[in-house]
Amino acid sequence: MSVVPDTTTKVSFTDNNTKFNTAGVQYIINPYDELSLTRALEITEAQGGTVTVIHVGRADSEASIRKALAIGAHDAVRIDADPTDATLVAAEIAQYAASQGYDLILTGRESIDYNGGLVGGLIAEALSYPYVNVVSQLEINGTEATALRDIDGGKENVKVELPVVMSAQKELTEPRIPNMRGIMAARTKPLQVIAASGAPALAETQSYELPPAKGAVKLIDAENAAELIRVLHNEAKVI
Amino acid sequence: MSVLIFAESAEGKFKKAAFEAVSYGKQVAAKTGGDAVVLCAAQNLPSSEDLAALGKYGANKVLSVALSDDRPAAMAEALVAAANSLGAKVIVVSNNYMGKSIAPALAVKLKASVASGVVSVPDTTNGFVVRRGVFSGKAFADVNLTAETKVLSITPNTFTLEESGSEAPVETFGADISQNAFRVNSVSVDKVKGKIPLTEAELVVSGGRGMKGPENWGLIEELASELGAATACSKPVSDMHWRPHEEHVGQTGITIKPNLYIAVGISGAIQHLAGVSSSKVIVAINKDPEAPFFKVADYGIVGDAFEVLPKLIEAAKALKSASA
Ligand SMILES: Cc1cc2nc3c(=O)[nH]c(=O)nc-3n(C[C@H](O)[C@H](O)[C@H](O)COP(=O)(O)OP(=O)(O)OC[C@H]3O[C@@H](n4cnc5c(N)ncnc54)[C@H](O)[C@@H]3O)c2cc1C
Ligand SMILES: Nc1ncnc2c1ncn2[C@@H]1O[C@H](COP(=O)(O)O)[C@@H](O)[C@H]1O
């Protein structure tokens, strides 16, 4: 589970464009990870089993981890490291997961901040588990999973034996909102903090840049809307 | 030291993404030295003429691998075998769903750095720095890839196709694909028929809650079809099931980068803009002159969609018949 800036965040940078400006930023559970969590709970409620939330990050993520526990996760593990690149994050998670033997590892399709879309696939490969990405339906029958995944230009129904890693797409389920009982229970649920194994990062972000500001909009009179097609053809040359 | 490029095909034909990857890989090879070697792995391979024609986009050599089944994991294994035999230090894939399945597998197997959503040719003056899109298009990050081998997953519709060479030699490449590559079994595939997939579209017409209801989407679809565009929508529209979820663009939908994005009856919320703001030309059509979309649009029409769209459809038809 990754923790990301709220979607209304106005993105800006500090320290000569080398750091994301966290001033005033609200952090949330990555929306796709909320879907993974909820689907995992639905599956365990129907079929038994437990759901563990794993996060690689610092103590400031703990409010979001508690929220995941309030939604219903049974326990949580925070691996204490700066999640600076996908390789490091995935290596830490894979190392921990290998010692636990999970049947199903769900990630999000991507973190909505850095949009890597890599961590799930990296974990799968590190564990030699099969990987199914962008999954919008998931059922578990005994030791077999069936899923519907997005492919370029369509959808594919797949079948795979557990254990497996999958990444969640929208529509996997409806996210749950924690209730009062969940919030109370979350306070005493186990949140284990473990030291990182020291897996190296293989990518370093050097600096950021905002896209160039747009010029003013050219307005076209609604009465003369056909003019738009003409300018798109002759001026913008896109059609 | 070669650059290895994955050229994706479907039903025996290359996709535009494949040409972009080859053309991009050639530019990388020009920087790092060495050949641009292309690998095509599929059950139904393109014809040998089509394979050789990748030379036009800069391929020095094309390797083909016949697969027993089109699994991304099998394509990844073929690429790893080729990278090892060539000693390739840079591997290029397209950042579409296929590329996103393959790139992480390559990175782990080759102990490589990996960057997805790449929008620049690497800068090798000081390290190996590529620019990638972050915050769903709200910003860019320059990332130095520090491992000896690098996997680059490039954003579709970002790099212009450079035609330089002529035909390239084609060789069959014998890659041993393990049973592990076939653990995920395809039960059925449902291709969107007769429509341009949104992720590959150069032109997109998109509708929001201002379209009032699914019964009015005929106007969006007709304009799209006249222009040869794909259709998209805002989040509430797909949440209300007026449109399928794969049309939902934005921070929690897909990020697109077409040459033209026409937003009809969409207010322009920050989460929506995140997914579309890197479009080359943006048009907003909205009855509210204060709609935030007008702040990021190149062209705008303040007006009622139900009056404006029929005029646009007429004009698009006229343009089509004029250029036919
Ligand atoms: C966590 C989170 C994630 C989100 N992610 C996304 C996302 O990925 N993508 C996304 O799109 N949204 C997303 N949203 C929702 C976003 O905040 C907006 O609510 C949404 O984009 C609004 O959709 P809309 O523009 O279609 O509808 P509205 O905001 O209702 O806008 C409708 C527009 O249509 C115009 N209009 C009405 N009638 C007409 C007419 N007859 N002719 C012309 N114009 C007309 C109105 O003036 C108005 O501007 C997210 C929100 C949250 C909280
Ligand atoms: N720091 C992290 N800790 C735990 N899981 C993460 C972390 N970063 C990413 N993930 C998971 O990997 C998915 C894809 O992330 P990314 O590759 O960063 O786009 C996310 O949706 C999460 O499920």
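Reckoned from all heavy atoms, side chains included, excluding hydrogens, waters and symmetry mates. All chains are named by letter (A, B, ...) in the order of the sequence lines, taking the proteins before the strands, and each is independently numbered beginning at 1.
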If I measure from the heavy atoms of chain A, does [X] come under 4.5 Å with its side chain, its backbone, both, or neither?
| X | answer |
| --- | --- |
| B/P72 | side chain |
| B/E200 | side chain |
| B/L145 | both |
| B/V283 | side chain |
| B/K15 | side chain |
| B/A112 | backbone |
| B/L203 | side chain |
| B/I254 | both |

Would you mind checking which part of [X] comes under 4.5 Å of any heavy atom in chain B, side chain (CB onward), backbone (N, CA, C, O), both or neither?
| X | answer |
| --- | --- |
| A/I123 | neither |
| A/P211 | both |
| A/R149 | side chain |
| A/A236 | both |
| A/F20 | side chain |
| A/A91 | neither |
| A/P200 | neither |
| A/T205 | both |
| A/V238 | both |
| A/E171 | side chain |
| A/T146 | neither |
| A/K218 | both |

Do [X] and [Y] come within less than 4.5 Å of each other through their side chains, counting heavy atoms only?
| X | Y | result |
| --- | --- | --- |
| B/Y299 | A/V231 | yes |
| B/N144 | B/V130 | no |
| B/T155 | B/K257 | yes |
| B/F140 | B/R132 | no |
| A/V25 | A/D6 | no |

Sort out for me which of [options] touches chain A most, counting heavy-atom pairs under 4.5 Å.
| options | answer |
| --- | --- |
| B/R183, B/K295, B/E246, B/K138 | B/R183 |
| B/G133, B/P197, B/G303, B/A139 | B/A139 |
| B/A141, B/G300, B/S113 | B/G300 |
| B/R131, B/E202, B/K111 | B/R131 |
| B/G117, B/A229, B/S116, B/A73 | B/S116 |
| B/N259, B/L227, B/I262, B/V187 | B/V187 |

Report, as yes or no, whether the 6.0 Å neighbourhood of atom [atom1] on [X] holds more than 12 heavy atoms from other residues, nucleotides or ligands.
| X | atom1 | value |
| --- | --- | --- |
| B/K13 | NZ | no |
| A/N234 | CG | yes |
| B/E148 | CD | no |
| A/L210 | CG | yes |

Of the listed residues ([options]), which shares the most heavy-atom pairs with chain B below a 4.5 Å separation?
| options | result |
| --- | --- |
| A/T9, A/T87, A/N17 | A/T9 |
| A/V217, A/L148, A/V160 | A/V217 |
| A/G121, A/S12, A/G153 | A/G153 |
| A/E161, A/K10, A/Q169 | A/Q169 |
| A/S207, A/A226, A/G116, A/A213 | A/S207 |
| A/P31, A/A216, A/A124, A/S128 | A/S128 |

Verify side-chain hydrogen bond (donor to acceptor under 3.5 Å, both in side chains) between B/Q271 and B/T252, making sure each step is shown before the conclusion.
CA-CA 8 Å; B/Q271 297 96 347; B/T252 52; over 6 Å; no

Give me the atom names and distance for the closest heavy-atom approach of A/S64 to A/I29.
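Between these two residues, the closest heavy atoms are O-CD1, 3.6 Å.
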
Do you know the tightest heavy-atom contact between A/R109 and A/Y32?
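Taking A/R109 first and A/Y32 second, the nearest heavy atoms are NH2-OH, 2.8 Å.
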
Please determine whether a side-chain nitrogen of the Lys or Arg among [X] and [Y] lies less than 4.0 Å from a carboxylate oxygen of the Asp or Glu.
| X | Y | result |
| --- | --- | --- |
| A/E235 | A/R230 | no |
| B/D190 | A/K155 | no |
| A/R39 | A/E174 | no |

Any side-chain to backbone donor/acceptor pair from [X] onto [Y]? Under 3.5 Å, distance only.
| X | Y | answer |
| --- | --- | --- |
| B/N286 | B/D288 | yes |
| B/T146 | A/L202 | yes |
| A/S61 | A/G57 | no |

Run the side-chain hydrogen bond (donor to acceptor under 3.5 Å, both in side chains) test on A/N157 and B/S188 for me, step by step, so that the C-alpha distance in whole Å, both residues' side-chain angles and the decisive distance to 0.1 Å come before the verdict.
CA-CA 5 Å; A/N157 272 296; B/S188 61; 3.1 Å; yes

Proximity of residues 306-313 of chain B to chain A, residues having a non-hydrogen atom under 4.5 angstrom
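Contacts with chain A: B/V308, B/K311, B/L312.
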
Could you list all the ring-ring contact (aromatic ring centres under 6.0 Å, His included) pairs where at least one residue sits in residues 209-239 of chain A, not counting sequence neighbours?
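Output for this query is empty, none listed.
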
If you look only at distance, which donor and acceptor atoms sit under 3.5 Å apart when one is on a side chain in residues 95-106 of chain B and the other is two or more places apart or in another chain?
| from | atom 1 | to | atom 2 | distance (Å) |
| --- | --- | --- | --- | --- |
| B/N95 | OD1 | B/S153 | OG | 2.7 |
| B/N96 | OD1 | B/M98 | N | 3.3 |
| B/N96 | OD1 | B/G99 | N | 2.9 |
| B/N96 | ND2 | B/E8 | OE1 | 2.9 |
| B/S101 | OG | A/N133 | OD1 | 3.0 |
| B/S101 | OG | A/N133 | ND2 | 3.2 |
| B/S101 | OG | B/Y97 | O | 3.4 |

Contacts of type ring-ring contact (aromatic ring centres under 6.0 Å, His included), residue A/Y208, not counting sequence neighbours
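Applying ring-ring contact (aromatic ring centres under 6.0 Å, His included) to A/Y208 gives A/F13.
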
